[in-house]
Amino acid sequence: MAKTGLEVLKERGFISQCTDMDALQKLMDNERVTFYVGVDPTGKSLHIGHMVPFFAMHHLQKAGHRPIAVVGGGTSMIGDPSGKSDMRKMLTIEQIRENAASLKDQLGKIIDFGEGKALMVNNYDWLGPLNYLEFLRDIGIHFSVNRMLSFESYKQRLEKGLNFIEFNYQLLQSYDFLKLHQDHGCKMQMGGDDQWGNIVAGMELIRRVEGAEAEAYGLTFPLVTRADGKKMGKTEKGAVFLDPEMFSPYEFFQYWRNVADADVGKFLKFFTFLEMDEIAELESLEGSEINKAKERLAYEQTKIIHGKEEADKALEAAKAAFTSGGGAGAMDRDAIPSVDVPVTEIEAGIGIMDLFARTGLCGSRGEARRLVQQGGARVNEVQIKDINAVIGADSVEDGEILLKAGKKRYFRVVVGS
RNA sequence: GGGGAGGUUCCCGAGUGGUCAAAGGGGGCAGACUGUAAAUCUGUUGGCUAUGCCUUCGAAGGUUCAAAUCCUUCUCUCCCCA
């Protein structure tokens, strides 16, 4: 007996709030439902913190429903105040267009944009040409300022200051839902919990314009948190982007490999397509065994985003680097960042601090000095503790020198001519 | 438009003429311990051609032997009034 899409979401923990679960269940049992999720094209790459709704989309699409990804080209020119303590930066139309194009590629890894299976639209297409007076008359009339002000998300902003442009965001998002309902028969909107207010507002708008019997539902996902309280998908160096140029597949793999014990099960459900019984099995592992589950999580997730080949490479590299006495010997060379240094410089000899300072492993010579003094610096796996050590041609192996900072960070110095 | 309070190093937050590269906390980095986890403990945390030098306390000027600290102007934020 196949599970319905909604059941899959439920058992995986995707559902936080639903405007009418029973009715939605019934609807989805009986027909192919078109639903949508908004994406903000505020950057050229998504990061994993954005991914929950798209994994949810995947499950529903698999169950036969039709997703629409709405690029918020128009709305991102306004900036959603929900859950934000500060106003968002505004982008130009050109930037947004560029971003939108690369976002589609990334979403394509999770959602099948094949003919008729899914849509991607840009709300700038209908928000852009809007006529202010008409919009106020046709749409604005349905909104109560009193009601809007009572929303929790606005309350918070009222204390800090909320300007008029942001205040309009909800109207525009509601209009999106109405527009998609009219043009594509879209009946459900999904989003993070912070979108609840906006989603409900959209439903109400549809009911007011189309009549009380119009079918519109809303579904929200819980905010995915990490056991250590840090933001999902953020590292000190920035967000965990899906774009391999911005965040290498190896590091991506490592991010997942290093999640907290308490998060493994949850993440397997959210971010992989493994079956529930397999996840249950992985979840039941205890002690150091749990590393197997983390490895699986990292592998599956990397495979989805970067492909099987990259996932295999990352897995192998990780194994090589962390088992049997360490060493990056078997690591995939390309996965390690590198810098070119002319052979003449190597032959002349480079001070250990200079070498580390120019690799990105250390931000400055001072930082490099500390690293060396604290015993975190290794050249070809040999610890160097002398800050005056000079690295010369005798350290070159296979045309490169392998540097290691701490236990996990590697860097290659490629000797160029 | 009027009045008030503020802008300090990655973040929060002390500091109100020299002893300040600036307390404390957070975070980061490194080390120990480990399971590439968590917790804990230790060290470290502006840069450099390095017992000294340079750049930093919203911006620009000024006072002084000496300023994050005093004065002037500008700028931004928040609060109260209109």
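The figures that follow rest on heavy atoms only: side chains count, while hydrogens, waters and symmetry mates do not. Note that the coordinates shown come from a computational prediction; the quantities given were computed from them, not determined experimentally. Residue numbers begin at 1 in each chain, while the letters A, B, ... track the order of the sequences.
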Measure the shortest side-chain to side-chain distance between [X] and [Y] over non-hydrogen atoms and say whether it is less than 4.5 angstrom.
X        : Y        : value
A:Pro67  : A:Gln61  : yes
A:His65  : A:Met188 : no
A:Arg409 : A:Leu403 : no

Searching all strands shown, indicate the nucleotide that pairs with [N] (Watson-Crick or G-U wobble; both distances under 3.5 Å).
N     : answer
B:G52 : B:C48
B:G61 : B:C71
B:C20 : none
B:G43 : B:C29
B:C78 : B:G4
B:U9  : none

Heavy-atom nearest nucleotide on RNA chain B for A:Arg257 versus A:Arg378: which residue maps closer to 5'?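 First, find each residue's nearest nucleotide; the 5'-ward one identifies A:Arg378.
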Whole angstrom value for the distance that separates [atom2] of [N] from [atom1] of [X]:
X        : N     : atom1 : atom2 : answer
A:Leu315 : B:U36 : CG    : C1'   : 13 Å
A:Lys404 : B:C29 : NZ    : C1'   : 16 Å
A:Leu371 : B:A30 : CG    : C1'   : 7 Å
A:Leu361 : B:G28 : CG    : C1'   : 15 Å
A:Ile387 : B:A30 : CD1   : P     : 18 Å

With rounding to the closest Å, how many angstrom separate the [atom1] atoms on [N] and [M]?
N     : M     : atom1 : value
B:C74 : B:G7  : C1'   : 14 Å
B:A67 : B:A59 : P     : 16 Å
B:G4  : B:A82 : C1'   : 15 Å
B:G31 : B:U55 : C1'   : 31 Å
B:G17 : B:A66 : C1'   : 8 Å
B:U73 : B:G2  : P     : 14 Å
B:G43 : B:C65 : P     : 43 Å
B:G35 : B:U44 : C1'   : 26 Å

One thing to verify: whether [Y] and [X] come together as a salt bridge, which I'm taking to mean a side-chain N less than 4.0 angstrom from a carboxylate O.
X        : Y        : result
A:Glu345 : A:Arg358 : yes
A:Glu134 : A:Arg137 : no
A:Lys308 : A:Asp312 : yes

Under 4.0 Å, heavy atoms only, any strand: does A:Gln373 hit a base, just the sugar-phosphate, or nothing?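 No contact.
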When all nucleic acid strands are considered with a 4.0 Å heavy-atom cut-off, which category describes A:Ala377: base, sugar-phosphate, or nothing?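 If one applies the 4.0 Å heavy-atom cut-off, A:Ala377 turns out to touch nothing in the nucleic acid.
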Given B:U36, is OP1 or OP2 found less than 4.0 Å from the side-chain N or O atoms of A:Arg409?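 No.
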Kindly state whether the ring of A:Phe135 and the ring of A:Tyr175 have centres lying under 6.0 angstrom apart.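 For A:Phe135 and A:Tyr175, the ring centres are under 6.0 Å apart.
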With a 3.5 Å cut-off and heavy atoms only, can you find an N or O donor on one side and an acceptor on the other between the side chain of A:Lys319 and the base of B:U36?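 Counting by modelled atom types and ignoring angles, no donor-acceptor contact under 3.5 Å is found here.
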I need the single residue from A:Gln189, A:Lys187, A:Arg66 that forms a side-chain hydrogen bond (donor to acceptor under 3.5 Å, both in side chains) with A:Tyr36. Which is it?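 In the set A:Gln189, A:Lys187, A:Arg66, the residue that makes a side-chain hydrogen bond (donor to acceptor under 3.5 Å, both in side chains) with A:Tyr36 is A:Gln189.
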Going 5' to 3' through nucleotides 37-47 of chain B, assign each nucleotide B (protein heavy atom under 4.0 Å from a base atom), S (under 4.0 Å only from sugar-phosphate atoms) or - (no protein heavy atom that close). B-----BSS-S
Is the count of non-hydrogen atoms from other residues, nucleotides or ligands lying under 6.0 Å from A:Gln17 atom CD greater than 12?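 Enclosed: over 12 neighbouring heavy atoms sit under 6.0 Å from CD of A:Gln17.
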